[in-house]
Student: 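Have a look at this one before I ask anything.
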Amino acid sequence: VFHSEERGDGLPECDVLTIISLNINGEKDMKVNGVKFRYINGQCYEFILPSGKHLLLDPYISDQTLPGFREFKIDEIERCDYVLLTHSHWDHTSDLGNVCNRFDSKLFCGAPVAAELSEYFKIKPGRIYPFENMDVYETEDFTLKAIRGRHFPLLNLGKYGGQPEDYPESFGGKEYRHLNFEGTLFSYDFCLTLGNNLRIMLVSGVDEFRNIYKVADEFKPDLLFRHTAGNIPGAEWAKAIARFNAPLAFPMHQDNLYNGKWGKTMEEFSEEIRGELKNLNSDTVFVNPEPYQWYDLSFQVSLETDLVL
């Protein structure tokens, strides 16, 4: 990644060369320079931060095995300091109580569902950090900014287009129907700045409005994790992904492509996205991570100017 950047010390603009390296390895205990992560299921990713702490996104782990892959057991999650929740649909929360209560994790979730999640999953209220649109939390390990998103509208779900009674019992049961209902109404995206200044955007749902792109233009993400459901052609997703101008992009909720729901394979879908990114002359590289495999992302920064001191 090569760009120019103004310096705050009164010196001329300098060229900034950032070299990002993505490596595959099976070791979770190696020293973290950038960030380590692995894809598990649904929209669930596990991250190891530069501090060594673990962050889990949307913990949907043990409810259903990812089609075509071995069973991933909840006990394989050995640490969880933080949980980020985009919304409260069951396929984003099924293991929320297990994880939060086993590790005493800090849960960051939307304010409209915080109390109900606490009661349903028996999570200590003192461990919940609710947010609303554009709220910012600064922790010792990262800075989190929450941006109101937009879930797919699910207009054809059930008899009433997504009312609580329209959600099947197999999707969390009757007692969870209201949280499923709220999951369609309240969804959030995230800007995550790590302690080493690595910038990650986590974006799900549909880009019905352009607000998130304005946020991206200001935030300038290094990594983009973008919901890429197969009900929309890969070429259209490529256009949405390219708009963020991130060097690396990864899919979210690709489980529905592994299970054949959209009539194409994840490999075919990935090629559609890569082909259109090439047509768009985008510098973004789209990577489909192997499930359960740890990826180690490291980076180096070099400053160069023509100034002779």
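In this chain, residues are counted from 1 in sequence order.
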Student: Is the backbone N or O of K220 less than 3.5 Å from a side-chain atom of R199, with the two atoms forming a donor-acceptor pair by type?
Tutor: yes

Student: Sort out for me which residue in I40, N98, D95 forms a side-chain contact (heavy atoms from CB on, under 4.5 Å) with I77.
Tutor: I40

Student: Just do the side-chain contact (heavy atoms from CB on, under 4.5 Å) check on L179 and L117 with the steps written out, would you?
Tutor: CA-CA 8 Å; L179 275 164; L117 286 172; 3.9 Å; yes

Student: Which value, rounded to the nearest 0.5 Å, describes the distance between L56 atom CG and S105 atom OG?
Tutor: 8.0 Å

Student: Just wondering, do Q293 and Y295 contact through their side chains at under 4.5 Å, heavy atoms?
Tutor: yes

Student: Quick one: does W90's side chain have a donor or acceptor within less than 3.5 Å of a partner on N180's backbone?
Tutor: no

Student: How close do F152 and A229 get, heavy atom to heavy atom, and via which atoms?
Tutor: CZ-CB, 4.4 Å

Student: Could you tell me the separation between the CZ atom of F72 and the CD1 atom of I61, rounded to the nearest 0.5 Å?
Tutor: 6.5 Å

Student: Identify the heavy atoms of P50 and G34 that sit nearest to each other, and give their distance.
Tutor: CG-O, 3.4 Å

Student: Ring pair (Phe, Tyr, Trp, His ring centres under 6.0 Å) between Y292 and Y39: does it pass, once the steps are laid out?
Tutor: CA-CA 6 Å; Y292 319 149; Y39 172 68; 7.9 Å; no

Student: Do S88 and Y120 pair up side chain to side chain, a donor and an acceptor below 3.5 Å, judged on atom types alone?
Tutor: no

Student: Would you please name every residue forming a side chain to side chain donor-acceptor pair (under 3.5 Å) with E165, sequence neighbours left out?
Tutor: none

Student: Closer than 3.5 angstrom, by distance alone: can the side chain of E272 be matched with the main-chain N or O of G234 as a donor-acceptor pair?
Tutor: yes

Student: Mark yes or no for whether R177, through its side chain, and Y167, through its backbone, hold a donor-acceptor pair below 3.5 Å.
Tutor: yes

Student: Atom NZ in K239, atom CD1 in I232: separation rounded to 0.5 Å?
Tutor: 12.0 Å

Student: Considering all heavy atoms of both residues, which atom of G162 and which atom of F181 are nearest to each other, and what is their separation?
Tutor: O-CD1, 3.3 Å

Student: Are the side chains of C44 and L57 in touch, meaning some heavy atoms are under 4.5 Å apart?
Tutor: no

Student: Does the gap between the ring centers of F131 and F190 come in under 6.0 Å?
Tutor: yes

Student: Look only at the side chain of D81 and the backbone of H54, and say whether a donor-acceptor pair between them is shorter than 3.5 Å.
Tutor: yes

Student: Test of understanding: with salt bridge (charged side-chain N to carboxylate O under 4.0 Å, His left out), list the residues that count as partners of D207, not counting sequence neighbours.
Tutor: R210

Student: In the single-linkage hydrophobic clustering (I, L, V, M, F, W, Y; side-chain heavy atoms under 4.5 Å), do L280 and W237 co-cluster?
Tutor: no

Student: Could you go step by step and tell me if Y176 and T93 meet the side-chain hydrogen bond (donor to acceptor under 3.5 Å, both in side chains) rule?
Tutor: CA-CA 11 Å; Y176 199 79; T93 64; 2.6 Å; yes

Student: Search all heavy atoms of A216 against all heavy atoms of P221 and return the closest pair with its distance.
Tutor: O-CD, 3.7 Å

Student: Any side chain to side chain donor-acceptor pair (under 3.5 Å) involving residues 129-143? Give me the pairs, sequence neighbours left out, ordered by first then second residue.
Tutor: S51-D141, K53-E140, K53-D141, Y82-D141

Student: How far does CG of L49 sit from CZ of F37, to the nearest 0.5 angstrom?
Tutor: 12.5 Å

Student: List in chain and number order the residues that pass side chain to side chain donor-acceptor pair (under 3.5 Å) with D217, two or more places apart in sequence or in another chain; answer none if no residue qualifies.
Tutor: R243

Student: Judged by atom type as modelled, is there a donor-acceptor pair below 3.5 Å linking the side chain of D189 to the main-chain atoms of S204?
Tutor: yes

Student: Same cluster or not: V136 versus L84, using hydrophobic residues (I, L, V, M, F, W, Y) connected whenever any side-chain heavy atoms lie under 4.5 Å apart?
Tutor: no

Student: Please work out which of the three classes, parallel, tilted or perpendicular, describes the rings of H92 and H87, given edges at 30° and 60°.
Tutor: tilted

Student: Just jot down the side chain to side chain donor-acceptor pair (under 3.5 Å) partners of E182, sequence neighbours excluded, or say none.
Tutor: none

Student: State, yes or no, whether a side-chain contact exists between F225 and F47 at a heavy-atom distance under 4.5 Å.
Tutor: yes

Student: How would you list, by chain and number, every residue that makes a side chain to side chain donor-acceptor pair (under 3.5 Å) with H227, sequence neighbours excluded?
Tutor: none

Student: Would T228 and H253 satisfy side-chain hydrogen bond (donor to acceptor under 3.5 Å, both in side chains), going step by step from the backbone distance to the final call?
Tutor: CA-CA 7 Å; T228 44; H253 232 325; over 6 Å; no

Student: Is there a chain of hydrophobic side chains (I, L, V, M, F, W, Y, each step under 4.5 Å between heavy atoms) that links F219 to F209?
Tutor: no

Student: Taking all non-hydrogen atoms of both residues into account, name the closest pair between C191 and I147 and its distance.
Tutor: SG-CD1, 3.8 Å

Student: How many angstroms lie between CG in L248 and CG in L297, if you round to the nearest 0.5 Å?
Tutor: 6.0 Å

Student: Heavy-atom count check: over 12 atoms from other residues, nucleotides or ligands less than 6.0 Å from N231 CG?
Tutor: yes

Student: Nearest heavy-atom pair of D63 and S94: which atoms, and what distance?
Tutor: CB-OG, 3.7 Å

Student: Show your working on side-chain contact (heavy atoms from CB on, under 4.5 Å) between L223 and F250 and close with a plain yes or no.
Tutor: CA-CA 8 Å; L223 305 181; F250 302 87; 4.2 Å; yes

Student: Does the D166 side chain pair with the main chain of G161, one donor and one acceptor, at a distance under 3.5 Å?
Tutor: yes

Student: Taking N256 for its side chain and K261 for its backbone only, find out whether a donor-acceptor pair lies under 3.5 Å.
Tutor: no

Student: Are side-chain heavy atoms of I241 and I273 found at a separation under 4.5 Å?
Tutor: yes

Student: Yes or no on side-chain contact (heavy atoms from CB on, under 4.5 Å) for D255 and Q43, after CA distance, side-chain angles and deciding distance?
Tutor: CA-CA 8 Å; D255 55 313; Q43 201 161 279; over 6 Å; no

Student: With a 4.5 Å heavy-atom cut-off, do R226 and M252 have their side chains touching?
Tutor: no

Student: Treat each ILVMFWY residue as a node, draw an edge where side-chain heavy atoms are under 4.5 Å apart, and state whether Y60 and F103 are in one component.
Tutor: no

Student: Show your working on side-chain contact (heavy atoms from CB on, under 4.5 Å) between T284 and N245 and close with a plain yes or no.
Tutor: CA-CA 6 Å; T284 299; N245 294 313; 5.7 Å; no

Student: Are any side-chain N or O atoms of E236 and backbone N or O atoms of P233, one a donor and one an acceptor, separated by less than 3.5 Å?
Tutor: no

Student: Considering only heavy atoms from C-beta outward, does the side chain of C109 approach that of I128 to under 4.5 Å?
Tutor: yes

Student: Under 3.5 Å, is there a donor-acceptor pair between the side chain of S270 and the main chain of M266?
Tutor: yes

Student: Is the shortest heavy-atom distance from the side chain of E290 to the side chain of F69 under 4.5 Å?
Tutor: yes

Student: Indicate yes or no: does E268 engage R274 in a salt bridge with an N to O separation below 4.0 Å.
Tutor: no

Student: Below 4.5 Å, heavy atoms only, C-beta onward: do F244 and V203 meet side chain to side chain?
Tutor: yes

Student: Roughly how far, to the nearest 0.5 Å, is CD of E71 from OG of S62?
Tutor: 8.5 Å

